[in-house]
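Only one structure is covered here, and it is reproduced in the block below.
Since this is a predicted model, take the numbers as computed values, not measurements. One-based numbering, in listed order, for ligands and for the atoms of each.
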Amino acid sequence: MVVAPASPLAAPVTTLCGVGPERAAQLARLGLHTIGDLLLHRPRRHEDRRHFHAIADLHLGEAVTVRGRIVALGLKRWRAGRKSVFEFILEDGTARLHCRWWNLPFMQNYFRQGDEVLVFGRVGSLRPRTIDHPETEVVETDVEELIHLNRLVPVYPLTEGLPQRWLRSLLWRVVHEFAPRVPEPWEELALPDPMTRARALHALHFPEETSDVDRARQRLALDEFLDLQVAIQARRRRLQANARALPCAGDNRLMRPFLRQLSFVLTGAQTRVLREIRHDLGGAQPMRRLLQGDVGSGKTVVAACSALMALEGGFSVALMAPTEILAEQHLGTFRRWFESLGVPVELRTGSRKTEDGAALMPSSLAPRLVVGTHALVEDAFSLDRLGLVIIDEQHKFGVAQREQLVRKGRYPHLLVMTATPIPRSLGLTLYGDLDLSVIDQLPAGRGRIKTFVRAADKLPKVWDFIRGQLQRGRQAYVVYPRVEETDRGQLKAVTSEWEKLRQPLAPFQVGLLHGRLGADEKDAVMTAFRAGQIQALVATSVIEVGVDVANATVMLIEHAEQFGLAQLHQLRGRIGRGAHESYCILVADLKTPEAAARLKVLEETNDGFRIAEEDLRLRGPGDLLGREQSGLPPLRFGDLARDQALLERARALARELLDRRSADAGRNPCSDRTWHRGAGIR
Ligand code: ADP
Ligand code: MG
């Protein structure tokens, strides 16, 4: 927030005349504690009360505002009073309109015959003209016409007991008294905007024209984005000003034999990215780099090579993964890769803290790789000479966890990897302080993935098809949204479906995997699946991240409509990792055209970025990143799906602002220039 504590805007709402403890408590429930909060309380919509619709001219389905007088009203009850409808009839001189509320008998307390009422809603029928459950406002005789009528009127989110008209009157006063006193927050920048923050706050509540509202929102969104970008970029500059990087570029001593023993050759994209990383690891400031590459693009081996560079320099490396399943898989992969190089690889997860570590105590001073889950950020864990922190599937962690792990060392280098392609606007917000490397090429020789969306009645055919694949020696994943059936039982759950599938799929072995299993159980199932002893794996979305079994060619997802597109894309990324053609089958309830259209995107494209943009547009950032702590700041006015241009502008302005501030502070401007050198997210 841009409001300084001494400002009148920081005064509590109770300093306003007419706001007592009861009203203050109601406002507090809406998160409104200060005058500044009130100014930022965003109207849900504006209603055009300069013109009302004539009841005689209403059209079916139209959203209308009508002004009239109640000529009749009454409540009907039936089924022993459990069902009711309250209705009034409104007359505006042209015709009559019925307004009804089902099963809300207390509505009758709010209206009397003869009341003048404003009604907003969608016309549900024309014979008679009816609106069900409209929003209403009784026109009081002593109203100031100025505030509630004859203008674009704000309609606010409310809470129990807080009347719309009261809040609107309060905001009218607050806006007129305090908005003009809101200073321009970025004096140094001299924003060319004709819409100052003060004017934007006024127009947000009481606009002259409909178009003012969005201009106001954009101005306030810009301030919000600027706040964020200044914080992100300042953090980065502080780090660069203070930190001395550890020399982790390595000498190829381990890298050469590693690449020789590797069963494949690195792609051009992997090699390019590794050059960027090596450059950073040998640089003057600690690396802060985001490695982005679609599912299956081969990020793990890039992590391995980066780790080897640090290990060659005599430093240890920590690698954090979001699930135990993935951590165990990495442990296996890295042990296989690093064994002949003599590099110790340890595991640290919630359920396996010491076991492996203890075994390695004698060599505990040797540079090592520790693979783990978020257990790595726990206080007890520490690693000598920590040179490089790698975070896999960063989008599953918050920024806070990332920073906690970095703090385990003295300015170690940081490489964060993400498979979910993040739309650029989200990237700028979440990872704006990181330089970006992209693996934009899949390893050659991969089979294609075909994707099909099917209704549930096609399942028998789908199972025939899957059996055929298993007969050819391939393996399959079957994903359900729930671990256990809920009371309502509308969604299939892994545990019960697993029971049901074992018989019909015999003689094939069917495994069960979900997050509530113990670490050993999970590990045993994954090991058996990897070894081909289990042919079909029934799982929840725990397998979404990182799991890598090249022989698996089928991904069947039931209730696909329950998942986000980016998540489905991640799940689909579990197949198509070998040379065989693969099949992703999305079984979904396609009742609504939206659900069908949404899933069709996956049929049409394998391009993770397109899918992510689509998901952001349809579901918003919280869903895109999963329910996990996304590290996204709450945005009141900014909209990451729509405001990309604004965000870019904020980013440039933040840079300009910090440049000026550091020039003013008389610091060496060179330290700022080095920051521009990085291939930052642009
Ligand atoms: P992701 O980017 O999704 O983490 P992985 O690192 O799991 O992908 O890689 C997917 C699979 O591709 C792994 O089995 C890995 O060994 C293999 N792989 C990685 N790079 C190459 C390459 N250059 N050529 C062939 N296979 C590769
Ligand atoms: Mg991975």
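Looking only at protein heavy atoms, the nearest one to atom 1 (P) of ligand 1 is K299 NZ, 3.4 Å. Closest to atom 20 (N) of ligand 1 among all protein heavy atoms lies Q270 NE2, 3.0 Å. Nearest non-hydrogen protein atom to atom 16 (O) of ligand 1 is F264 CE2, 3.4 Å. Atom 9 (O) of ligand 1 has its closest protein heavy atom at G298 CA, 3.6 Å.
In this structure, CZ on R348 lies 14.5 Å from CG on L319, to the nearest 0.5 angstrom. Atom CD1 of I390 sits about 5.5 Å away from atom OG of S306, to the nearest 0.5 Å.
The side chain to side chain donor-acceptor pair (under 3.5 Å) test with T451 is passed by exactly one of R572, E603, K600: R572. Screening Q469, Q475, H580 for a side chain to side chain donor-acceptor pair (under 3.5 Å) with T553, the sole residue that qualifies is Q469. Screening Q394, E276, K299 for a side-chain contact (heavy atoms from CB on, under 4.5 Å) involving L291 leaves a single residue, K299.
Judged by the shortest distance from any of its heavy atoms, G293 lies outside the 4.0 Å radius around the atoms of ligand 1. Ligand 1 lies out of reach of A550, whose nearest heavy atom is not under 4.0 Å from it.
Residue-level proximity to ligand 1 for R577 is carried by the side chain, the only part with a heavy atom below 4.0 angstrom. Under 4.0 Å from ligand 1, not a single heavy atom of D392 appears.
Considering backbone and side-chain atoms together, P443 places no N or O closer than 3.5 Å to any N or O of ligand 1.
Shown in contact with T267 at under 4.0 Å from a heavy atom are these atoms of ligand 1, numbered in order with element: 23 (N). Close approach of ligand 1 to L266 is summarised as follows: ligand atoms under 4.0 Å from at least one heavy atom of the residue are 23 (N). Using a 4.0 Å cut-off to heavy atoms of R446, the atoms of ligand 1 that qualify are 10 (C), 11 (C), 12 (O), 17 (C), 18 (N). Each of the atoms 7 (O), 10 (C), 11 (C), 13 (C), 14 (O) of ligand 1 lies under 4.0 Å from some heavy atom of D548. Ligand-side atoms of ligand 1 in range of V265: 22 (C), 23 (N), 24 (N), range being under 4.0 angstrom from any heavy atom. Heavy-atom proximity to G296, at under 4.0 Å, picks out these atoms of ligand 1: 1 (P), 2 (O), 3 (O), 8 (O).
Checking V295, T300, L442, L291 against atom 6 (O) of ligand 1, the nearest heavy atom belongs to T300.
Geometrically, R467 does not engage W463 in a cation-pi contact defined by less than 6.0 Å to the ring centre and at most 45° from the axis. With a 6.0 Å cutoff to the six-membered ring centre and a 45° limit on the axis angle, R385 counts as a cation-pi contact of F315.
Between R236 and D435, at least one side-chain N (NZ, or NE/NH1/NH2) sits under 4.0 Å from a carboxylate O, which counts as a salt bridge.
Under 3.5 Å, the side chains of H559 and D589 contain no donor-acceptor pair of N or O atoms.
Within the 4.5 Å cutoff, side-chain heavy atoms of P257 are placed close to those of L341.
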